S.K.: 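I am attaching a structure below and will ask some questions about it afterwards.
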Amino acid sequence: MCRSKPSDEDRSSVPEEDVANGEVPASSHLLKQQVLLSACLSCEGCVSEEESLKISQQNLEEVARVLGLNKKCDVSKHQVLVVSVCPQSLPFFAVKYGLDIPEATRKLCGFLKSLGVQYVFDTTLAAGFSILESQRDFVQRYSRRHHDSQALPMFTSSCPGWIRYAERVLGSLVTPHICTARSPQQIMGCLVKDYFTKQQKLSPDKLYHIMVAPCFDKKLEAVREEFYNSLLESRDVDCVLTSGEVFHMMEQMKVSLADLDSVPLDHVLGEAGDPALVRHQGRGSEGFLEHIFKYAASELFSLDVEEITYKTLRNRDFQEVCLERDGEVLLQFASVYGFRNIQTLVHRMRKGHVPYQLVEVLSCPGGCVSGRGQAQGETGGRVDKALVQQMEEAYSSLPVRLPDTNPGLHFLYQDWLEGQDSTHANTLLHTQYTQQSPSQTLTHTKPPHIQW
């Protein structure tokens with residue numbers, strides 16, 4: 001167990017202003033030294049040997065090993081390599097290449113296919129599933145709020161850094177409130193390893209699935225036990241590479257942008273043509289708050305919300321939105337980004353002072369585009385604010401498409417999942433989050449040097 005972890009009673013005794021600053025003061029009787037709460041996830045105290053081994057395999061060397069085996073072994077033993085790219089990673093390559101996002105994506109696709117990757121997808125379709133299922137989860141929770149004390153507030157579940165912190169540190173105070181919808185990454189894993197393999201007449205273990213993501217926490221999410229098929233010895237996502245790792249590989253290989261072919265992304269559904277790149281609502285992330293807010297306003301109160309007005313509270317990363325009618329507040333949601341703000345939220349929750357029905361929680365200040373896997377500068381590991389601003393501007397240039405209007409999602413609900421409320425849909429699109437105890441067998445080797 002983490003020796004630095006204070007008890008629930010001790011934690012609630014820390015002044016809120018200290019918690020909001022992301023640290024427990026040295027003068028406190030809890031600790032003899034300051035503990036940066038934002039560094040909690042990089043502490044080796046709750047990373048088991050097994051987890052450490054699995055994380056160590058989430059790197060470029062492992063991808064190179066699979067590509068090398070494909071070149072050496074018999075064709076019958078080849079693994080089909082599939083790469084799925086998060087939409088929040090694309091602005092990084094656009095800024096680094098000095099191109100717009102569509103052309104940068106085609107260049108990235110050309111590079112990946114030159115290595116031996118057979119298919120390259122983006123994960124917008126999977127994010128659409130996650131948003132739609134989150135919307136439905138919220139409305140169901142709202143309907144039982146009077147007889148289920150754990151129904152609200154609902155916390156979003158797309159950020160693995162937040163999920164790990166909630167399960168390992170906050171426990172039962174928070175876990176029953178976490179939305180059960182899987183994250184876009186893990187739904188994409190199911191889409192590739194279950195649906196796409198069947199279309200290609202492949203066994204899931206014959207396909208190696210790589211995810212390109214903006215943050216390191218996605219590596220921890222990929223190795224969760226519930227996302228592993230023990231019968232087929234196959235993970236939904238075999239390897240996560242950050243945007244920065246992929247770009248570093250291109251630099252090491254001295255890749256010339258001019259020499260790369262512009263290759264369109266592939267369609268999971270097998271359609272022809274260059275798929276249009278779109279984004280969901282929200283700044284730098286998938287916009288779960290905005291989508292759920294508008295859906296809930298319509299479903300619960302028959303109100304059509306066109307524009308959402310954010311009210312900034314403590315800072316840009318702690319904002320709230322309200323739905324009002326005739327002076328009555330019907331809904332109150334909040335977006336809480338970064339561990340400093342998360343600690344403020346948790347402190348208020350312990351005191352029963354959380355007025356929100358839904359909170360969109362992300363561990364990175366600024367949201368997913370600011371993930372440490374792509375936003376930190378060349379030296380010192382600090383976030384490159386100029387780079388982040390450029391990425392946010394590039395991301396906002398993409399056209400918005402509501403998942404409700406995506407015909408591909410409606411087709412897959414029927415063709416793949418046997419209906420929106422089917423057992424198959426609930427199994428593949430949802431999971432459960434519970435209080436986790438760190439393994440009793442802790443790592444005795446130094447964990448990967450990663451600023452989570």
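Just so we're clear, the structure is a prediction, and the values are computed from it rather than from any experiment. Residue indices begin at 1 and follow the sequence shown. For the numbers below, each heavy atom of this structure counts, side chains included, while hydrogens, waters and symmetry mates do not.
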S.K.: Using 0.5 Å steps for rounding, measure from the OG atom of Ser335 to the CZ atom of Phe288.
M.R.: 14.0 Å
S.K.: Can you tell me how far apart CD (Gln150) and CZ (Arg141) are? Round to the nearest 0.5 Å.
M.R.: 9.0 Å
S.K.: Is Thr242 close to Phe216 at the side-chain level, that is, under 4.5 Å between some pair of heavy atoms?
M.R.: yes
S.K.: Please name the pair of heavy atoms, one in Asp122 and one in Met188, separated by the smallest distance, quoted to 0.1 Å.
M.R.: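 Looking at all heavy atoms of both residues, the shortest contact is O-CE, 3.9 Å.
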S.K.: Under a 3.5 Å cutoff, is there a donor and acceptor pairing between the side chains of Tyr310 and Glu290?
M.R.: yes
S.K.: Could you tell me whether a side-chain N or O of Arg401 sits under 3.5 Å from a main-chain N or O of Val278, the two making a donor and an acceptor?
M.R.: no
S.K.: Check whether any side-chain heavy atom of Leu277 lies under 4.5 Å from a side-chain heavy atom of Arg106, and answer yes or no.
M.R.: no
S.K.: How close do Val85 and Ser89 get, counting heavy atoms only, and between which atoms?
M.R.: CG1-CB, 4.1 Å
S.K.: Mind listing the closest non-hydrogen atom pair of Pro204 and Ser234 along with its distance?
M.R.: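 What the structure gives for the nearest pair is O-OG, 3.6 Å.
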S.K.: How long is the span from the CG atom in Leu170 to the CZ atom in Arg164, to the nearest 0.5 Å?
M.R.: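 The CZ atom of Arg164 is 13.0 Å from CG of Leu170, to the nearest 0.5 Å.
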S.K.: Excluding sequence neighbours, so at least two apart, what forms ring-ring contact (aromatic ring centres under 6.0 Å, His included) with Tyr119?
M.R.: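 With neighbours one apart ignored, the set is Phe196.
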S.K.: Going from CG on Leu202 to NZ on Lys193, what distance comes out if it is rounded to the nearest 0.5 angstrom?
M.R.: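 Here the rounded value is 10.5 Å.
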S.K.: To the nearest 0.5 Å, how far apart are CG in Leu412 and CD1 in Ile187?
M.R.: 11.5 Å
S.K.: Any side-chain heavy atom of Ser397 within less than 4.5 Å of one from Asp100?
M.R.: no
S.K.: Do Glu245 and Lys218 meet the salt-bridge criterion of a basic N to acidic O distance under 4.0 Å?
M.R.: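 Salt bridge: no.
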S.K.: Is there a side-chain contact between Val174 and Met349 (heavy atoms, below 4.5 Å)?
M.R.: yes
S.K.: Examine distances only and state if a side-chain atom of Ser158 and a backbone atom of Ser183 form a donor-acceptor pair shorter than 3.5 Å.
M.R.: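 Answer holds: no.
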S.K.: Kindly indicate, with the supporting measurements, whether the criterion side chain to side chain contact (heavy atoms under 4.5 Å, CB included) is fulfilled by Ser157 and Ile163.
M.R.: CA-CA 7 Å; Ser157 58; Ile163 293 298; 4.1 Å; yes
S.K.: If you round to the nearest 0.5 Å, how far is CZ of Arg65 from CG of Asn59?
M.R.: 10.0 Å
S.K.: Side chains of Asp266 and Val82: closer than 4.5 Å at any heavy-atom pair?
M.R.: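 Asp266 does not reach Val82 side chain to side chain.
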S.K.: Going by the rule side-chain hydrogen bond (donor to acceptor under 3.5 Å, both in side chains), which residues pair with Tyr195 if we only count those two or more places apart in sequence or in a different chain?
M.R.: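 Here the qualifying residues are Asp415.
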S.K.: Set out, in order, the CA-CA distance, both residues' side-chain angles and the distance that settles side-chain hydrogen bond (donor to acceptor under 3.5 Å, both in side chains) for Tyr356 and Glu320, then state yes or no.
M.R.: CA-CA 9 Å; Tyr356 310 116; Glu320 69 174 34; 2.9 Å; yes
S.K.: For the side chain of Thr344 and the backbone of Arg340, is there at least one donor-acceptor N/O pair under 3.5 Å apart?
M.R.: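 Yes: the side chain of Thr344 pairs with the backbone of Arg340.
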S.K.: Using only atom types and a distance under 3.5 Å, with no angle test, would you say the side chain of Thr123 pairs donor to acceptor with the backbone of Gln185?
M.R.: no
S.K.: I'd like to know whether Phe227 forms a side chain to side chain contact (heavy atoms under 4.5 Å, CB included) with Arg182, so could you lay out the CA-CA distance, the side-chain angles of the two residues, the decisive distance to 0.1 Å, and finally the verdict.
M.R.: CA-CA 10 Å; Phe227 304 139; Arg182 292 192 186 195; 3.6 Å; yes
S.K.: Within the side chain of Ser203, is there an N or O that forms a donor-acceptor pair under 3.5 Å with the backbone of Lys206?
M.R.: no
S.K.: So Val354 and His177, do their side chains get closer than 4.5 Å, heavy atoms only?
M.R.: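 With C-beta onward as the side chain, the pair stays apart.
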S.K.: Please check: side-chain N/O of Gln58 versus main-chain N/O of Asp238, any donor-acceptor pairing under 3.5 Å?
M.R.: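 Looks like yes, one N/O pair under 3.5 Å.
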S.K.: Report the C-alpha separation of Lys294 and Ile308 in whole Å, then their side-chain angles, then the decisive distance to 0.1 Å, and conclude whether the side chain to side chain contact (heavy atoms under 4.5 Å, CB included) test is met.
M.R.: CA-CA 9 Å; Lys294 292 181 178 181; Ile308 290 180; 4.1 Å; yes
S.K.: Quick one: does any side-chain atom of Asn406 pair with a main-chain N or O of Gly408 as donor and acceptor, under 3.5 Å?
M.R.: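 Yes; at least one donor-acceptor contact below 3.5 Å.
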S.K.: Determine, for Lys96 against Glu251, whether the closest basic-nitrogen to carboxylate-oxygen distance falls under 4.0 angstrom.
M.R.: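 Answer for the salt bridge query: no.
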S.K.: Just by modelled atom types, is the Val95 backbone N or O under 3.5 Å from a matching donor or acceptor in the Gln390 side chain?
M.R.: no
S.K.: List the steps and the verdict of side chain to side chain contact (heavy atoms under 4.5 Å, CB included) for Phe121 and Leu191.
M.R.: CA-CA 11 Å; Phe121 304 125; Leu191 191 56; over 6 Å; no
S.K.: Do His291 and Gln135 pass the side-chain hydrogen bond (donor to acceptor under 3.5 Å, both in side chains) test, and can you show the C-alpha distance, the side-chain angles, and the key distance before you say yes or no?
M.R.: CA-CA 7 Å; His291 288 285; Gln135 290 176 171; 4.5 Å; no
S.K.: Would the distance check show the side chain of Asp137 and the main-chain N or O of Thr180 forming a donor-acceptor pair, the cut-off being under 3.5 Å?
M.R.: yes
S.K.: Quick check: Phe138 with Phe333 (ring centres under 6.0 Å apart)?
M.R.: yes
S.K.: Looking only at non-hydrogen atoms, find the nearest pair between Pro403 and Gly128 and report the distance.
M.R.: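 Between these two residues, the closest heavy atoms are CB-CA, 3.7 Å.
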S.K.: Please find the pair of heavy atoms, one from Glu221 and one from Pro160, that lie closest to each other, and give the distance.
M.R.: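 It is CB-CB, 3.6 Å.
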S.K.: Between Gly161 and Ser363, what is the shortest heavy-atom contact and its length?
M.R.: CA-OG, 4.0 Å
S.K.: Does a sphere of radius 6.0 Å around CD in Gln389 hold more than 12 heavy atoms from other residues, nucleotides or ligands, not counting ones at 6.0 Å or beyond?
M.R.: no
S.K.: Ignoring hydrogens and geometry beyond distance, is a side-chain donor-acceptor pair present between Ser262 and Glu103 at under 3.5 Å?
M.R.: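 Short answer, yes.
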S.K.: Are any of the side-chain heavy atoms of Leu257 and Lys107 separated by less than 4.5 Å?
M.R.: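 The answer is yes, as the side chains (C-beta and beyond) meet within the 4.5 Å cut-off.
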S.K.: Are the side chains of Val369 and Pro214 in contact, using a 4.5 Å heavy-atom criterion?
M.R.: no
S.K.: Between Trp416 (side chain) and Asp194 (backbone), is there a donor-acceptor pair under 3.5 Å?
M.R.: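 Checking the backbone N and O of Asp194 against the side chain of Trp416, no donor-acceptor pair under 3.5 Å is found.
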